[in-house]
Each structure stands twice: as structure tokens, then as C-alpha cells.
Amino acid sequence: MDYETIVGLEVHAQLLTNTKLFCACSTEFGVGDNENTCPICTAMPGALPVLNKRVVDFAILTGLALNCKIRSHNVFARKNYFYPDLPKGYQISQFEDPICVGGKLSFLNEGKEETIGITRIHMEEDAGKSTHHGTFSLINLNRSSVPLLEIVSEPDFRSPKQAAEYMRYLRSVLLYLGVCDGNMEEGNLRCDANVSVRKKGETKFGTRVEIKNINSFRFVEKAIEYEAGRQIDLIESGQKVSQETRLYDPDKNRTISMRSKEEAHDYRYFPDPDLLPISVDNQWVEKIKNMLPELPLEKLKRFMKEYNLPQYDSEILTDKKEMALYFEEVAKNSKNPKAASNWIMGDLLRILNEQKKDITQAPITARQLADLILNIDSAKISGKIAKTLFDELATGKHAGLSIDEIISKNNLAQVTDTKAIEVVIDKIMTANSGQVEQYRAGKEKVFGFFVGQVMKEMKGQGNPQIVNDLLKKKLKGGE
Amino acid sequence: MSSQSQIDKKTIQKIASLAQLALTAKEEDLYTTQLGQILNYVSQLSEVNTENIEPMVTATEMLVTFREDEVKKMLTPDEVLSNAPERSGHLFKVPPVL
């Protein structure tokens with residue numbers, strides 16, 4: 001029997017604000033224990049929350065990027081549960097009136113454009129962090145009340161791969177918007193997956209299981225794959241899937257039961273009486289709309305059209321906006337987009353990888369790379385010299401120097417002066433009279449040998465075309 | 001409204017368990033009666049016709065006041081922890097959770 005896997009994702013993105021959602025504490029990561037806390041985020045009696053405006057700005061921006069309707073009337077609600085890292089005994093979130101509803105997001109999955117629905121996006125606060133030590137637990141509230149967006153998709157995914165590709169693209173969009181740093185290792189971007197299976201052709205959804213806190217793209221794929229398999233095995237052996245929350249264990253590649261839904265999910269949401277409703281008018285939405293950047297998929301399509309690049313190259317060049325910016329600067333200044341793309345996709349990515357740097361720390365500036373390409377295209381330097389020059393630049397020793405300065409300083413310019421090349425050819429021919437005889441006797445294969453010798457003598461700086469032409473002429477006997 | 005109880009003992013037990021309260025049998029009876037009376041009293045509100053009226057979240061028409069995204073430091077970790085029954089360094093120490 002064939003089964004279909006149905007997946008919906010809930011993505012939590014930590015927002016790049018300076019302060020927390022409801023107090024003026026810093027959101028800085030890696031400071032001392034409980035350094036970023038105050039009476040509000042530690043829930044001292046009588047402390048009242050005051051909403052950070054930028055969180056609403058970021059929520060609207062994200063909603064617009066994901067083609068959502070922005071609701072004008074917004075309410076925060078209390079989600080009640082007990083856990084020591086949640087000092088108030090409730091989390092302030094949104095329930096019935098999320099700020100964004102009914103959107104969609106298109107992304108590429110194995111080169112094909114796919115679109116999935118976005119159910120809602122809402123604002124909420126993070127909990128603190130607890131560590132467990134057997135006879136006691138320790139609580140750090142630095143993360144308490146740090147702002148998050150929860151982005152909930154429709155159950156539109158039909159394969160683990162599709163869900164992972166969506167997650168990758170969503171991360172790229174959030175980075176373009178500048179609302180989240182996308183760091184999955186630190187938990188600044190994480191996701192829960194709702195997974196169910198049904199027999200092919202069935203229209204009703206199966207019982208769904210929620211997998212919590214998946215923190216890498218690879219795990220999104222693996223966790224869903226494992227969970228779908230587990231559910232199919234249950235059904236095939238005549239058992240039932242029970243509605244529950246499970247945790248993915250990446251070390252063992254399996255999911256384990258956390259708690260059953262019925263007992264834990266009685267959150268008793270109600271509007272938070274400490275916070276008044278938020279009105280988002282058209283003027284506000286329009287203002288944010290003007291801040292919306294060109295998004296990765298639009299940019300990708302433009303790169304293919306405007307620069308005539310393959311889809312694969314465009315996808316890599318637009319994954320990060322800084323990379324796209326770098327490319328466009330090189331492409332425009334060098335007037336050779338194809339070469340710009342080739343240098344970046346090949347040598348630059350290799351160097352960045354080796355040096356464990358990202359594009360903003362590239363040892364070669366976009367201006368330098370553009371000049372390098374201009375010099376190749378005008379035949380001032382050879383392709384081979386350009387490679388040497390590139391690797392030389394990659395060492396970072398020439399920061400601040402222009403390409404022209406480096407070329408003249410290191411005497412790397414290509415030699416196009418026929419007189420100078422002839423002198424070298426004569427010298428090589430005299431030193432290898434035997435091979436000259438062979439060539440003239442019809443053994444044309446030795447031609448390559450002469451090219452090699454001449455180039456070696458000229459340290460690779462001879463213009464290959466001129467060297468070739470002159471060599472042929474001279475070897476054929478035209479003195 | 002009728003004086004018929006609005007809440008049963010089972011609901012009281014569930015609310016108590018969600019609130020992590022241990023009630024005696026006597027308390028369960030008492031709260032079932034008392035909460036029932038409160039709900040009965042409040043249910044007078046259902047006599048008002050609210051058709052076509054948007055539900056209100058708050059009693060006023062006031063909207064939220066925003067705060068600009070600027071960091072302000074209020075307390076040191078020592079001050080934050082000064083009321084904690086137990087601490088370890090600058091961390092709150094609580095009974096074991098896991």
C-alpha cells in the first residue's frame with residue numbers, strides 16, 4: 001500500500017531587536033547569567049509589560065514578504081502552563097488574532113518552483129533557559145521575553161525534502177529582511193514539524209504527531225522521514241497513531257515520545273489584560289512596504305534574465321543578500337557578468353571556504369575582482385597570471401592596493417611586445433636546435449614543447465596568441 | 001437565571017490539577033459550590049443581547065502604548081536574585097525539574 005506524508009511546519013525565529021518584547025533589557029547573547037533581566041522579564045509582582053514597537057514592525061515586514069494579510073486589530077493572549085523557566089506561569093503570545101494571516105511562499109525544490117500556504121504569523125516571547133542537575137535545576141532568564149515570530153505553514157508539504165527546502169528558503173528570506181540572524185545552532189531559528197500519513201487517495205488527514213525543536217535543515221528532513229516511517233509501520237501492523245508530541249534524537253535518528261497531547265495542551269488562552277489592543281493602520285503597513293527589499297527568488301529570476309546566468313548559479317549567488325550585492329558590484333564594474341559569476345562560484349567560494357569566512361569578510365574586494373576581470377578581458381594579464389594574482393590577493397597581504405598597482409609592482413603585466421617575445425623565441429630555438437630540426441622534419445608535436453619553454457622563460461607573462469603566432473612563423477623557417 | 005450549578009466536581013478537579021493545587025475532598029465540594037455561585041452571578045450578563053457587537057478585549061477603547069527599541073539597564077543580577085530562596089552564582093536554583 002502506498003502512503004502519502006503530510007507535513008506542516010511551525011518555525012520560530014528570534015527577532016534581531018536590541019531589546020526584549022516587553023522590557024528594555026538587552027537581547028545580547030553570551031553575557032553573564034541573568035545579566036539581561038529586570039522586574040518585568042523575571043515576573044516580579046506588579047511589573048507590567050510595555051510593547052517594543054520594532055517587534056511589530058518586523059512582524060509586518062515578515063508578513064508582507066510572505067504575502068500575508070496584515071490584520072488591523074491585534075491582541076496578545078496568555079498561554080498558561082507551569083515550567084520554572086517561564087517565570088510568570090504563562091507565555092505572552094497571540095492566539096485568536098495573530099498579526100499576519102493567509103499568506104504563501106514560493107521557493108525552489110530541485111530547480112522547480114513550488115508554493116506553500118502560510119496559515120499565520122504571530123508574535124510571542126521566548127522562555128528562559130533551564131539546566132538540570134539531578135537534585136536541582138538552574139534557571140537563567142536572559143532569554144526570557146526575547147521576541148520571537150512563529151511562522152505557521154499550511155499542511156502543504158508532501159515530502160521531507162520539500163519541507164527542508166522551504167525551511168532553507170524561509171531562512172534566506174528572514175536574513176534578507178534583517179529580522180533574524182538565522183543561526184540554527186544557537187536556536188535563533190528552530191522548527192516544529194506536524195507529521196501525519198495517509199493512504200494514497202484518502203482525503204482525510206491521519207492523526208498528526210508534533211516533532212519539537214528541530215535545529216538543522218538536515219534534521220528537518222531526517223526527523224520527518226523517520227516519523228513518517230514509524231507511523232506507516234504502526235498502521236501496517238494494525239496499530240493506531242496516537243496524537244502526541246515527540247522529540248527528535250539526531251544521534252540515534254529516531255523520535256521519542258515527550259507527552260501526550262490531551263494532558264499537556266490545556267493552555268487556557270485568554271486576552272492578556274496587561275496589554276491593550278494594537279491597531280495597525282494602512283499608513284503603518286505602507287511605510288513598512290517601502291522597506292521591503294527584493295527577495296531571493298525575485299533576485300534569482302532577475303539574475304537569470306539580466307545577467308543570463310544558469311538557474312543553479314543564480315540560486316547560489318542570491319542565497320545571501322551580501323553575496324548577491326558582491327556579485328552585482330563585480331558584474332557591473334567588470335561588464336562581464338559571466339566571468340564575475342565564474343570567479344565567485346569557483347575561486348572565491350573556495351577561498352572563503354578554506355579561510356572559513358563569509359562574503360562580508362572576503363579578502364578580495366568586489367572592486368579588485370572587477371578590475372582583475374577587466375585586465376584579463378583587455379589582455380593586459382593572462383588567465384594564468386590572473387589565477388596567480390587572485391591567490392596572491394586571497395592571502396590578504398595586498399589589502400588597500402588596486403589591481404593595477406599590484407600588477408605593476410610585481411611586474412605581472414602580460415607581454416604583448418612582439419620584439420621582446422621574438423628575443424625569447426630566438427633564444428629557445430638556439431638552445432634546442434635538435435627539436436627545431438624535428439619540427440621542420442614534420443614532427444609537429446614538438447610545437448607544444450616550444451610554447452612551454454617560451455612561456456616558462458617569460459614566467460607565464462607572454463600573450464599566448466602572440467607567442468603562438470610568432471613561434472609558428474619562426475619554426476616554419478621565416479627568420 | 002436558574003440556581004442550577006454551572007460547574008461540576010470533575011471540572012474543579014481538572015482546574016486544580018492544571019493549577020497544580022492539591023485540594024482535599026472538602027475543598028473540592030466547597031469550591032464546586034462557590035465557583036458555581038460566581039458563574040451563576042456572572043451569567044446575568046448573558047441576558048444582554050450582544051448580536052452584531054464586536055467582542056471587546058478591554059473595557060476601554062484605549063490602544064497599546066509602544067516603547068522604542070532602546071536598551072535600558074534596570075537591575076544588576078545580584079539585585080534580581082536578591083529575593084530568590086536559593087541561588088547558585090548568578091542563577092536561580094530550583095527543585096529538580098527533570
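First the proteins, then the strands, lettered A, B, ... as listed; each starts at 1.
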Heavy atoms from other residues, nucleotides or ligands near [atom1] of [X] exceed 12 (cutoff 6.0 Å):
{"X": "E96(A)", "atom1": "CD", "answer": "no"}
{"X": "K53(A)", "atom1": "NZ", "answer": "yes"}
{"X": "D281(A)", "atom1": "CG", "answer": "yes"}
{"X": "Y41(B)", "atom1": "OH", "answer": "no"}
{"X": "M56(B)", "atom1": "CE", "answer": "yes"}

Is chain B contacted by the side chain of [X], its backbone, both, or neither, given a heavy-atom distance below 4.5 Å?
{"X": "L141(A)", "result": "side chain"}
{"X": "V55(A)", "result": "neither"}
{"X": "F22(A)", "result": "backbone"}
{"X": "V50(A)", "result": "both"}
{"X": "F82(A)", "result": "side chain"}
{"X": "P84(A)", "result": "side chain"}
{"X": "T135(A)", "result": "backbone"}

Pairwise distance [atom1]([X]) to [atom2]([Y]) - rounded to 0.5 angstrom:
{"X": "I278(A)", "Y": "T65(B)", "atom1": "CD1", "atom2": "OG1", "value": "11.0 Å"}
{"X": "T131(A)", "Y": "L91(B)", "atom1": "OG1", "atom2": "CG", "value": "6.5 Å"}
{"X": "L81(B)", "Y": "T42(A)", "atom1": "CG", "atom2": "OG1", "value": "9.0 Å"}

*Which one of D272(A), N80(A), D57(A), L138(A) has the most heavy-atom pairs closer than 4.5 Å to chain B?*
L138(A)
_Top contributor to chain B interface from S26(A), G128(A), P273(A) [non-hydrogen pairs under 4.5 Å]_ = S26(A)
For [X] and [Y], which heavy atoms make the closest approach, and how far apart are they?
{"X": "G134(A)", "Y": "P96(B)", "result": "O-CB, 3.1 Å"}
{"X": "N18(A)", "Y": "V71(B)", "result": "O-CG2, 3.6 Å"}
{"X": "P271(A)", "Y": "V57(B)", "result": "CB-CG1, 3.4 Å"}

_Please check: side-chain N/O of N34(A) versus main-chain N/O of H90(B), any donor-acceptor pairing under 3.5 Å?_
yes
_If we ignore hydrogens and angles and just use 3.5 Å, is the side chain of K73(B) paired with the main-chain N or O of E35(A) as donor and acceptor?_
yes
Side-chain touch [X]/[Y], heavy atoms, less than 4.5 angstrom:
{"X": "F76(A)", "Y": "V64(B)", "value": "no"}
{"X": "R67(B)", "Y": "T19(A)", "value": "yes"}
{"X": "P39(A)", "Y": "L75(B)", "value": "yes"}

Proximity breakdown for [X] and chain A, heavy-atom pairs closer than 4.5 Å:
{"X": "T58(B)", "value": "side chain"}
{"X": "M74(B)", "value": "side chain"}
{"X": "T76(B)", "value": "neither"}
{"X": "E70(B)", "value": "backbone"}

_Heavy-atom pairs under 4.5 Å with chain A - which of E68(B), K93(B), E79(B), E86(B) has more of them than the others?_
K93(B)
*Tell me, with the steps shown, if K14(B) and D266(A) meet side chain to side chain contact (heavy atoms under 4.5 Å, CB included).*
CA-CA 10 Å; K14(B) 191 179 177 201; D266(A) 201 341; 2.5 Å; yes
_Intermediate values then yes/no, side chain to side chain contact (heavy atoms under 4.5 Å, CB included), L276(A) and T60(B)_ = CA-CA 9 Å; L276(A) 293 163; T60(B) 68; 4.3 Å; yes
